[in-house]
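This report concerns only the one structure given below.
All values derive from a computational prediction rather than experimental measurement. Values reported hereafter were calculated over all heavy atoms of this structure, with side chains retained and with hydrogens, waters and symmetry mates removed.
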Amino acid sequence: QVQLVESGGGLVQAGGSLRLSCAASARTSSNYAMGWFRQAPGKEREFVSSINWSGGNTDYTDSVKGRFTISRDNAKKTVYLQMNNLKPEDTAVYYCVAGGWGKTTSDYTYWGQGTQVTVSS
């Protein structure tokens, strides 16, 4: 069992930055690919980014490419999402995921509780 705890969400103006963190609690968490999804009000949950266990392979949805960067520190069992040049359309609850690979919600076994990101215009 892997528990994921997100932090770093908040309110920021358009053009600003936030860094989300997700701490995993499991002895084998360093072997898991991890990632982020988000869900805006009234919309389906969507893939944002993923990173494999070594950090050598990353993926992003097109709308965040060039603005968001995913990274991980396996010694700390933590994955990060650096979000720059935020836009109002990035407003959503962001969920950390682990234990899978892909761009659909069913591809991942473990989910965090979510952290709210609100971008004001």
Side-chain angles (χ1 to χ4, degrees):
Q1 187 73 15
V2 177
Q3 292 182 323
L4 305 172
V5 179
E6 304 101 332
S7 61
L11 173 64
V12 64
Q13 289 187 332
S17 298
L18 284 174
R19 188 177 81 155
L20 304 184
S21 299
C22 173
S25 60
R27 285 193 296 176
T28 59
S29 63
S30 63
N31 295 326
Y32 288 115
M34 298 182 73
W36 296 90
F37 280 69
R38 66 185 180 186
Q39 188 167 21
K43 295 188 177 181
E44 292 186 353
R45 198 167 294 189
E46 65 171 354
F47 170 81
V48 176
S49 182
S50 59
I51 186 167
N52 72 338
W53 70 272
S54 71
N57 188 13
T58 59
D59 197 8
Y60 299 91
T61 192
D62 286 346
S63 63
V64 308
K65 286 180 179 177
R67 300 188 298 122
F68 291 11
T69 302
I70 192 169
S71 62
R72 67 188 296 163
D73 183 337
N74 286 340
K76 296 182 179 180
K77 301 177 184 177
T78 300
V79 65
Y80 304 97
L81 186 67
Q82 178 67 43
M83 306 185 294
N84 297 328
N85 191 21
L86 282 161
K87 303 176 180 181
E89 51 263 43
D90 295 318
T91 295
V93 177
Y94 283 70
Y95 297 91
C96 178
V97 296
W101 186 258
K103 297 183 178 182
T104 67
T105 56
S106 61
D107 289 327
Y108 295 88
T109 302
Y110 304 107
W111 290 77
Q113 81 288 351
T115 186
Q116 177 70 46
V117 171
T118 302
V119 185
S120 64
S121 57

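- The two residues R72 and I51 come nearest to each other via the heavy atoms NH1-O, 3.6 Å.
- Counting only heavy atoms from C-beta outward, the side chains of L20 and E6 never approach each other to under 4.5 Å.
- Taken to the nearest 0.5 Å, the CD atom of Q82 stands 9.5 Å off from the OG atom of S21.
- Atom OG of S121 is separated from atom CD of E89 by 10.0 Å, given to the nearest 0.5 angstrom.
- When side chains are defined from C-beta on, F47 does not count as touching D107, because their heavy atoms never get closer than 4.5 Å.
- Cluster membership for L18 and Y60, using ILVMFWY side-chain heavy atoms within less than 4.5 angstrom, is shared.
- The CG atom of L11 lies 9.5 Å from the CD atom of Q116; values are rounded to the nearest 0.5 Å.
- Within the structure, ring pair (Phe, Tyr, Trp, His ring centres under 6.0 Å) pairs that include any residue of residues 96-121 comprise Y32-Y110, F37-Y108, F37-W111 (at least two apart or interchain).
- In terms of the side chain to side chain donor-acceptor pair (under 3.5 Å) criterion, residue partners of S63 (sequence neighbours excluded) are, by chain and number, R38.
- A salt bridge links K65 to D62: at least one charged side-chain nitrogen sits closer than 4.0 Å to a carboxylate oxygen.
- Remark: L81 CG to T115 OG1 distance equals 11.0 Å, nearest 0.5 Å.
- Of all heavy-atom pairs between V119 and T91, the closest is N-OG1, 2.9 Å.
- Taking CG of L4 as the reference point, atom OG1 of T78 lies at 10.5 Å (rounded to 0.5 Å).
- When atom types are taken as modelled, the side chain of T109 and the backbone of G99 share a donor-acceptor pair closer than 3.5 angstrom.
- The side-chain contact (heavy atoms from CB on, under 4.5 Å) with S17 is formed by just one residue from the set N84, V12, N85; it is N84.
- A heavy-atom distance below 4.5 Å is not found between the side chains of S25 and K77.
- The distance from atom OH of Y80 to atom CE of M34, rounded to the nearest 0.5 Å, is 10.5 Å.
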